[in-house]
Amino acid sequence: MAGGIGSRFWPMSTQKFPKQFHDILGTGRTMIQQTFDRINQLIPTENIYVITNQEYVDLTQQQLPQIPSENIVGEPAMKNTSACNLYMAKKIENVNPEANIIVMPADHLILKEKTFLDKLELAFDLASKNDYLITLGITPTRPDTGYGYIQFIQEKDQAVSKVKTFTEKPNLEIAKNFIESGDFLWNAGIFIWNTKSILSAFKKYLPEMLNQFNEGEYNCDAEKEYIETIYPTVSKISIDNGILEKADNVYVIPANLGWSDLGTWTSVYTNADKNDDNNAISSKNVLTYNSKGNVIRIKNQNKAAVIDGLKNYIIVDTEKALLICPRDNDQLIKEYVLDLKNLKKGERFM
């Protein structure tokens, strides 16, 4: 899934060039390229699909030229995750009705790739033999209010557990209680299921949406026109709200993956390499004085930057905009973007 805008990563991430197409951590590969590299170790290239916004199809093809062009699908509108999951399930069913599917965001960091691939092989085996909707649950390291949580039924020495509840982004007190209880995991938005299982779940919980997609033909010339016709009327609902919170056959595999959704500049700071002053700098020609704990990104590598006296700040300079704000305020970046849009000609900074 690669259709998000990533507005919390402004000004690097913009509507025309969002987060997943950037090399956020300075590794030499963009987020979507890293995601492809990771899953391609287990799944052949011809079986990898990308669903994104129509606006980003060309950009996706440029960054992932090895993926067949017909496997890169552009949604005509942003309809949250139920629609894109159903759309892709129908396309894959048309190719192989028995297929097992992994669904994953294109912009997440996974440091422990071998563990990830081992967990996936277990999940694929379970999905092929059982009517399970499986998610990977991340072992939490702190009471984070920015993540969804999965409560699971603990059973001794079990590699997979039944899901009890889903909770979206709790407040800090509740998040602390979740961590202390020991039976909660972070929801990473990584799902594994058989084509038949997920389509059966849509039939039970989102039958109207399934009926809309059932009328179409897939992997042919008629597909694009049909999808553009139905998308305006398709409900905008997440797969979590639409199906997983209601279904009684949802299972979770706990996993310690070195995972982050890299959802904020602070999460980038946490995962980036740092110098002796704990500054995360991925730009050349940057001098710092009396400055510690900053994340610094200067897009123009020919531009010199001098930072003096800043502690725990975000400094991001691009061709169109400059952001300087405390790291503690990174959740306000979406508000900054909205305020900018309200300025005369503010859209050109997006």
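The residues K176 and E173 are annotated as not salt-bridged, no charged nitrogen and carboxylate oxygen being separated by less than 4.0 angstrom. One finds no salt bridge joining K196 and E93 here, because no Lys/Arg side-chain nitrogen approaches an Asp/Glu carboxylate oxygen to under 4.0 Å.
Between D23 and R29, the shortest heavy-atom contact is OD1-O, 3.2 Å. Considering all non-hydrogen atoms of both residues, C84 and E75 come closest at CB-OE2, 3.5 Å. Nearest heavy-atom pair, V50 versus A2, reported as atom, atom and distance to 0.1 Å: CG1-CB, 3.9 Å. Contact detail for P76 and I227: the closest heavy-atom pair is CD-CG2, 3.8 Å. For the residue pair I198 and A89, the shortest heavy atom distance occurs at CG2-CB, 4.1 Å. Contact between P11 and A321 at its shortest, heavy atoms only, is CB-CB, 3.7 Å.
Atoms OG and CG, from S82 and L210 in turn, are 11.5 Å apart once rounded to the nearest 0.5 Å. Atoms SG and CG, from C220 and N94 in turn, are 7.5 Å apart once rounded to the nearest 0.5 Å. Rounded to the nearest 0.5 Å, atoms CD1 (I281) and NZ (K274) are 12.0 Å apart. One distance of note links CD of Q34 with CG of D37; it measures 7.5 Å at 0.5 Å rounding. Annotation: the span from I230 atom CD1 to N214 atom CG amounts to 9.5 Å, rounded to 0.5 Å. The CG atom of N80 lies 5.0 Å from the OG atom of S238; values are rounded to the nearest 0.5 Å.
Of the possible donor and acceptor atoms, none in the side chain of N278 sits under 3.5 Å from a partner among the backbone N and O of K292. One N or O on the side chain of N40 and one on the backbone of I43 form a donor-acceptor pair closer than 3.5 Å. For N285 (side chain) and Q301 (main-chain N/O), a donor-acceptor pair under 3.5 Å exists by modelled atom type. Under the 3.5 Å distance criterion, the side-chain polar atoms of T264 are left unmatched by any main-chain donor or acceptor of D330. No side-chain donor-acceptor contact under 3.5 Å links T288 to the backbone of I307. Using a distance-only test at 3.5 Å, with no hydrogens or angles considered, no donor-acceptor pair links the side chain of N187 to the main chain of Y149. A donor-acceptor pair is defined here as one N or O able to donate and one able to accept, closer than 3.5 Å; such a pair exists between the side chain of N130 and the backbone of L126. Within the 3.5 Å criterion, the main-chain N or O of I314 finds no donor-acceptor partner in the side chain of N294. Side chain of S197 to main chain of W193: no donor-acceptor pair is present (N/O by atom type, distance under 3.5 Å, no hydrogens or angles). Formation of a donor-acceptor pair under 3.5 Å by the N171 side chain with backbone atoms of I174 is found in this model.
Under a cut-off of 6.0 angstrom, the local environment of CD in E217 is sparse, with at most 12 non-hydrogen atoms contributed by other residues, nucleotides or ligands. Remark: D273 CG is loosely packed, at most 12 non-hydrogen atoms of other residues, nucleotides or ligands lying under 6.0 Å away. Counting non-hydrogen atoms of other residues, nucleotides and ligands closer than 6.0 Å to NZ of K311 gives a total above 12. Annotation: E208, atom CD; neighbour count of heavy atoms from other residues, nucleotides and ligands within 6.0 Å does not exceed 12. At most 12 non-hydrogen atoms from other residues, nucleotides or ligands lie less than 6.0 angstrom from CG of D221.
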List the steps, then state whether side chain to side chain donor-acceptor pair (under 3.5 Å) holds for T30 with Q63. CA-CA 8 Å; T30 66; Q63 295 206 358; 2.7 Å; yes
Given side chain to side chain contact (heavy atoms under 4.5 Å, CB included), test Q331 with R8 step by step and report yes or no. CA-CA 7 Å; Q331 294 290 345; R8 287 180 295 177; 4.1 Å; yes
Working note: L117 + E121, criterion side chain to side chain contact (heavy atoms under 4.5 Å, CB included); need CA distance, chi angles, decisive distance, verdict. CA-CA 6 Å; L117 297 173; E121 289 188 318; 5.7 Å; no
So S161 and I153, side chain to side chain contact (heavy atoms under 4.5 Å, CB included) or not? Walk me through it. CA-CA 6 Å; S161 300; I153 299 171; 5.6 Å; no
What verdict does the side chain to side chain contact (heavy atoms under 4.5 Å, CB included) test give for D107 and D261, after you've listed the backbone C-alpha separation in whole Å, the side-chain angles of each residue and the deciding distance to 0.1 Å? CA-CA 7 Å; D107 55 359; D261 69 346; over 6 Å; no
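Looking at heavy atoms from C-beta onward, K299 lies out of side-chain contact with D317 at the 4.5 angstrom threshold. When side chains are defined from C-beta on, Q20 does not count as touching T60, because their heavy atoms never get closer than 4.5 Å. Side-chain contact between I102 and I190: present, with at least one pair of heavy atoms (C-beta onward) separated by less than 4.5 Å. Residues N271 and L262 have side chains in contact (heavy-atom distance under 4.5 Å, counting atoms from C-beta outward). Contact of the E319 side chain with the N300 side chain is not registered, since no non-hydrogen atoms from C-beta on lie closer than 4.5 Å. Looking at Q212 and Y231, their side chains never come closer than 4.5 Å, going by heavy atoms from C-beta outward. Residues L136 and L257 are in side-chain contact: their nearest non-hydrogen atoms beyond the backbone lie under 4.5 Å apart. By the 4.5 Å heavy-atom criterion applied to side chains, F213 and F202 are not counted as neighbours.
Two different hydrophobic clusters hold M209 and M78 under the rule that ILVMFWY side chains link at heavy-atom gaps under 4.5 Å. Residues Y269 and I298 do not share a hydrophobic cluster, defined by chaining ILVMFWY side chains whose heavy atoms lie under 4.5 Å apart. Tracing side-chain contacts under 4.5 Å through hydrophobic residues (I, L, V, M, F, W, Y), one reaches I253 starting from Y147; they form part of the same cluster. Hydrophobic clustering (side-chain heavy atoms under 4.5 Å, transitive across Ile, Leu, Val, Met, Phe, Trp, Tyr) keeps I179 apart from F166. Hydrophobic clustering (ILVMFWY, side-chain heavy atoms < 4.5 Å, transitive): L25 and V316 are in one cluster.
Relative ring orientation between Y251 and Y132 is described as parallel, the plane-to-plane angle staying below 30° on a 0-90° scale split at 30° and 60°. Between F178 and F184, the two ring planes are parallel [angle under 30°; tilted spans 30° to 60°].
With sequence neighbours excluded, no residue satisfies side chain to side chain contact (heavy atoms under 4.5 Å, CB included) with P207.
Using a 3.5 Å distance cut-off with no hydrogens or angles, the side chains of D277 and S291 do not pair a donor with an acceptor. Side chain to side chain, R297 and S282 meet the donor-acceptor criterion of an N or O pair below 3.5 Å. Between the side chains of N71 and K91, no donor-acceptor pair is found at a separation under 3.5 Å. Under the 3.5 Å distance criterion, with hydrogens and angles disregarded, a donor-acceptor pair is assigned to the side chains of Y87 and E223. Side-chain contact check for Y226 and E215: no donor-acceptor pair (N or O, by modelled atom type) lies under 3.5 Å.
A side chain to side chain contact (heavy atoms under 4.5 Å, CB included) with T135 holds for exactly one of I150, L244, I239, V103; it is I150.
Within the 6.0 Å centre-distance limit, the rings of W265 and F9 are counted as a close aromatic pair.
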